[in-house]
Amino acid sequence: MRLFTTAARLGGALLLAIGLWACSSTPSYNPTTFQPEVDAPEAFKSVKTVIIPHVNLGPPSRNYLEDVAPRIDGLVTTYLKKNGYKVLPQREFRQHWNTAVRAFGDPVDPTTGRVNMKSFVQIMNSVRDELRKTSDLDAFVFTDIVEFEVPFNGGLKHLARWDGVTRRPSLQGPGDGVSADFDWNKNAAVASLQVSIYDMDLKRLFASRGGLDATDAIDTRSASGRYVRRRNVLENEDYLMEGVQLAFHPFIQWEDWPGNPD
């Protein structure tokens, strides 16, 4: 507002435009920003062709998050291509994965969700060997959607911050307000994109996370106030894209990365 008033008094519309651009292009520091784990930065330049596995590197995502996974993988594919990477079709990985599972068994226990890493590594070695025969693949880009809990207790606007993002709570139900007795220190479920990049020797090059959005909303039907799962989970594409950019930095440099304190 002060900048606008000054610009108006000076009659400098151009000055206003420049000032607003400068403010919008300077990222605000977010102390929750995930600090990337970079194991082989010198190998980044050698990665030209990648593939995005349809499976998680860790335990499977919840069912309602699995439904969103193809859309996020599509955003990741677009982002990688925009930044000069060749992305092989996911079906090529899926085909070799299914063949290897028949040989070594499913690495995921369907009752517990636990991953047998010995079987997982055997399958990945088999998939890697087959893809080497038919492609110029350089790396695997795993995209896990992970979920955990944080409170919306930041300031008067009740903000939640995690993995570099700041989000407001959403409401779900017939009402449009929140009970005065609502406990803002109560945790709500949120989701992040976890990216892990492995080379053809199955050595990790890079790992990081970027916040996406809350998967819980405030239930306005509850007199005391509670959280319920959102009907439409991770529907805001701008939020998803922000999470993608956060998760890939600095493998792909993002000028608005909020992890640098001033």
Side-chain angles (χ1 to χ4, degrees), residues 27-37 56-69 71-73 75-76 108-109 111-115 142-196 207-249 256-259 261:
S28 298
Y29 173 59
N30 187 327
T32 70
T33 303
F34 191 91
Q35 295 304 309
E37 298 172 8
N56 280 6
L57 181 62
S61 301
R62 302 276 182 89
N63 290 337
Y64 54 89
L65 294 176
E66 285 184 353
D67 294 340
V68 186
R71 185 152 51 93
I72 291 181
D73 284 349
L75 290 175
V76 170
V108 179
D109 186 325
T111 58
T112 65
R114 293 179 179 175
V115 180
F142 288 91
T143 54
D144 294 11
I145 305 175
V146 296
E147 192 177 39
F148 45 95
E149 294 186 338
V150 298
F152 280 92
N153 61 357
L156 296 177
K157 295 183 179 179
H158 303 296
L159 304 174
R161 292 183 173 90
W162 75 95
D163 288 343
V165 299
T166 302
R167 302 286 185 253
R168 294 182 181 181
S170 61
L171 306 181
Q172 187 163 291
D176 57 1
V178 181
S179 167
D181 298 328
F182 189 82
D183 181 6
W184 290 103
N185 291 311
K186 182 186 306 183
N187 284 337
V190 299
S192 290
L193 173 63
Q194 179 173 286
V195 167
S196 308
S208 191
R209 279 204 321 244
L212 296 171
D213 200 2
T215 52
D216 275 351
I218 297 173
D219 183 6
T220 58
R221 296 169 298 182
S222 172
S224 60
R226 63 175 181 173
Y227 287 111
V228 292
R229 186 177 303 153
R230 294 174 66 169
R231 283 188 292 269
N232 298 314
V233 176
L234 303 183
E235 61 181 342
N236 188 315
E237 194 158 305
D238 289 337
Y239 285 176
L240 299 187
M241 196 64 236
E242 183 182 9
V244 170
Q245 292 168 317
L246 281 164
F248 274 94
H249 180 87
D256 290 335
W257 188 68

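Note that these values count all heavy atoms, side chains included, but never hydrogens, waters or copies made by symmetry.
At least one donor-acceptor pair under 3.5 Å links the side chain of Thr220 to the backbone N or O of Gln172. Thr215 places a side-chain N or O within 3.5 Å of a backbone atom of Ala189 that can act as its donor or acceptor partner.
Rounded to the nearest 0.5 Å, atoms CG (Leu240) and CD1 (Ile72) are 5.0 Å apart. Remark: Phe152 CZ to Asp183 CG distance equals 13.5 Å, nearest 0.5 Å. Atom CZ of residue Arg71 and atom CG of residue Leu234 lie 7.0 Å apart, to the nearest 0.5 angstrom. Between Phe34 atom CZ and Leu193 atom CG the span is 11.5 Å, to the nearest 0.5 Å. If you take CG on Asn187 and CH2 on Trp184, they are separated by 13.5 Å, rounding to the nearest 0.5 Å. Atom CD of Glu237 sits about 5.0 Å away from atom CG of Leu75, to the nearest 0.5 Å.
In this view, Glu149 satisfies the side-chain hydrogen bond (donor to acceptor under 3.5 Å, both in side chains) rule with no residue, not counting sequence neighbours. For Thr112, there are no side-chain hydrogen bond (donor to acceptor under 3.5 Å, both in side chains) partners, not counting sequence neighbours. When the side-chain contact (heavy atoms from CB on, under 4.5 Å) test is applied to Val146, the partners found at least two apart in sequence or on another chain are Asp144, Phe148, Ser192, Gln194, Arg209. Scored by the salt bridge (charged side-chain N to carboxylate O under 4.0 Å, His left out) test, Glu235 finds Arg230 as partners (sequence neighbours excluded). Under the rule for a salt bridge (charged side-chain N to carboxylate O under 4.0 Å, His left out), the partners of Arg226 that lie at least two apart in sequence or sit in another chain are Asp219. The side-chain hydrogen bond (donor to acceptor under 3.5 Å, both in side chains) search around Glu242 returns Arg167, not counting sequence neighbours.
For the pair Val165 and Leu212, the minimum side-chain heavy-atom distance is 4.5 Å or more. Between Ser61 and Glu147, the closest side-chain pair of non-hydrogen atoms is not below 4.5 Å. Taking 4.5 Å as the limit, every side-chain heavy atom of His249 sits out of range of all side-chain heavy atoms of Ser208.
Ring geometry for Tyr227 against Phe182 counts as perpendicular: the plane angle is over 60°, on a 0 to 90° scale with 30° as the lower cut.
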